[in-house]
Peer 1: 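Got a structure here, written out as structure tokens. Questions coming.
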Amino acid sequence: MKAVVVNEFGGPEVLGIGELPDPRAGSGQVRVAVHAAGINPVDGGNRTDGRWAGLRAPCVLGYDVAGVVDQVGPGVETVRAGDRVMAMTRFRGGAGGYAELAVLDADQLAPVPATCPLVEAAAVPLAAGTAWEVLRRLGPAAGAGSWLLVHGASGGVGTFLVQLAAAAGAKVVAVGGSRSHELLHELGATACVDYHDGPVAPRALDAAGGRVDAIADLVGGDALHSSLGAVRPHGQLASIATPRLDPDHLLDDNLTFHGILVENDGDRLRLLADRLRQRLLRPIVAEVFPPERAADAHRRLDTGHSGGKLILQFREEPR
């Protein structure tokens, strides 16, 4: 099979095309002919230094895949050859999703609705799963009638979080560049703030008519710390990145901080698939690349301003 291989860790230029043996499905597994693989910021970190994920070069990156089942292992009764599916990989032996074939545990698969192209489905597992976990951890502070401030709202996770929060009845103040504001309003944001225009906190206070109930930080760095003045005492904070945060500020206002690292959960992914089926969730794909341009895709990824999900497409989907 053809795969995008990391032969040594480093910049985008280390991504190259290689030929690897075709994997086979074992007990409780299926093999998927990958049509598309999602690209996530964590892939850039693993490309630079794979030790966090336990990777050794050579290896294949990629957590998200969508495609068609082409081999079913012993003991699998819930999936059949020909089924359109999506899933997160487990990186067994450094074998991620940037390849023509992927072996996956059958209980981690979710069906892809006929109305959803596989290039869009590949955007869902990690990013939408992360957004789902952010909302779950924030609880009622990001539920019906609450105000939620979202840093990085126009990114891969952010576009899903805005949709899920709005569907839960939250009023979302979405932080993103001005070019993304029309889309963010379409996805359900109540108000938008351009981070280029100065401090976010005072404009979030104006938009919400007072302090918000929760902040979701999807970018890391100083974003969360700089907006603490916009969250009410006893408010909730969540970050999927690495924020620079002084714990004293949390103590002073009795704030609760949640660090979010999403893990495989087939049940959660099937709930998200059902939302796709009902057209209640819309994947936002910024650009689709052939595997031969994986390095270009990662160069855009490294800018931190992809504006939605970046996708590698290994196969064209029949029309």
Side-chain angles (χ1 to χ4, degrees), residues 4 10-15 36-49 61-64 98 119-120 122-131 134 148-165 172-189 191-201 203-204 215-227 238-244 260 262 282-290 293-313:
V4 177
E13 68 281 357
V14 305
L15 298 171
I39 300 173
N40 294 286
V42 67
D43 296 346
N46 287 339
R47 181 206 70 225
T48 303
D49 183 350
L61 303 176
Y63 287 91
D64 292 335
Y98 291 9
V119 290
E120 293 185 8
V124 172
L126 189 149
T130 300
V134 168
L148 171 66
L149 174 63
V150 179
H151 287 283
S154 62
V157 175
T159 50
F160 284 118
L161 181 56
V162 170
Q163 294 177 72
L164 292 171
V172 178
V173 180
V175 182
S178 59
R179 290 183 298 177
S180 68
H181 288 187
E182 182 178 355
L183 172 62
L184 291 169
H185 280 298
E186 288 178 11
L187 297 180
C192 294
V193 171
D194 188 341
Y195 59 89
H196 294 106
D197 294 340
V200 167
R203 286 175 293 144
I215 301 176
D217 166 31
L218 311 179
V219 297
D222 291 323
L224 187 56
H225 175 78
S226 66
S227 57
S239 180
I240 69 169
T242 303
R244 287 188 284 271
I260 310 295
V262 73
R282 174 185 168 192
I284 305 300
V285 174
E287 191 170 355
V288 179
F289 296 83
R293 291 188 58 211
D296 291 334
H298 270 240
R299 290 186 184 97
R300 181 167 177 182
L301 175 74
D302 286 354
T303 68
H305 300 285
S306 59
K309 285 300 296 286
L310 305 176
I311 304 293
L312 290 178
Q313 186 173 25

Peer 1: At their closest point, which heavy atom of Gly307 faces which heavy atom of Ala286, and how far apart are they?
Peer 2: O-CB, 3.3 Å
Peer 1: Which distance, rounded to the nearest 0.5 Å, do you find between the CG of Asp217 and the CD1 of Ile240?
Peer 2: 8.0 Å
Peer 1: Output yes when a side-chain donor or acceptor of Arg203 lies under 3.5 Å from a complementary backbone atom of Pro199, and no otherwise.
Peer 2: yes
Peer 1: Could you give the distance from CG (Leu184) to CZ (Arg179), rounded to the nearest 0.5 Å?
Peer 2: 12.5 Å
Peer 1: Looking at CG of Asp43 and CG of Leu126, how far apart are the two atoms once the value is rounded to the nearest 0.5 Å?
Peer 2: 8.0 Å
Peer 1: Can you tell me how far apart CG (Leu61) and CZ (Arg47) are? Round to the nearest 0.5 Å.
Peer 2: 8.5 Å
Peer 1: Restricting to non-hydrogen atoms, name the atom on Ala223 and the atom on Val219 that form the minimum distance, rounded to 0.1 Å.
Peer 2: CB-CG2, 3.5 Å
Peer 1: If you compare all heavy atoms of Ala174 against all heavy atoms of Ala153, which two are closest, and at what distance to 0.1 Å?
Peer 2: CB-CB, 3.6 Å
Peer 1: Under 30°, 30 to 60°, or over 60°: which ring-plane class applies to Tyr98 and His298, parallel, tilted or perpendicular?
Peer 2: perpendicular
Peer 1: Can you give me the closest heavy-atom contact between Ile39 and Ala297, atom names plus distance?
Peer 2: CD1-CB, 3.5 Å
Peer 1: Which pair of heavy atoms, one from Ala216 and one from Leu161, lies closest together, and at what distance?
Peer 2: CB-CD2, 3.6 Å
Peer 1: Rounded to the nearest 0.5 Å, what's the gap from CD on Glu13 to CG on Asp296? Could you check?
Peer 2: 11.5 Å
Peer 1: Val193 and side chain to side chain contact (heavy atoms under 4.5 Å, CB included): which single residue from Val173, Val150, Leu149 fits?
Peer 2: Val173
Peer 1: State, to 0.1 Å, how close Ser154 and Thr159 come at their nearest heavy-atom pair, and which atoms those are.
Peer 2: O-CG2, 3.7 Å
Peer 1: Do NZ/NE/NH1/NH2 and the carboxylate oxygens of Asp302 and Arg299 come within less than 4.0 Å?
Peer 2: no
Peer 1: Test Leu312 against every option in Asp64, Val119, Val4 by the side chain to side chain contact (heavy atoms under 4.5 Å, CB included) rule and name the one that passes.
Peer 2: Val4
Peer 1: Dump the intermediate steps for side chain to side chain contact (heavy atoms under 4.5 Å, CB included) on Tyr63 and Asn46, then the final yes or no.
Peer 2: CA-CA 11 Å; Tyr63 287 91; Asn46 287 339; 3.3 Å; yes
Peer 1: Taking atom CD1 of Ile284 and atom NZ of Lys309, what is their separation to the nearest 0.5 Å?
Peer 2: 11.5 Å
Peer 1: Determine, stepwise, if the pair Ser178 / His196 fulfils side chain to side chain contact (heavy atoms under 4.5 Å, CB included).
Peer 2: CA-CA 8 Å; Ser178 59; His196 294 106; over 6 Å; no
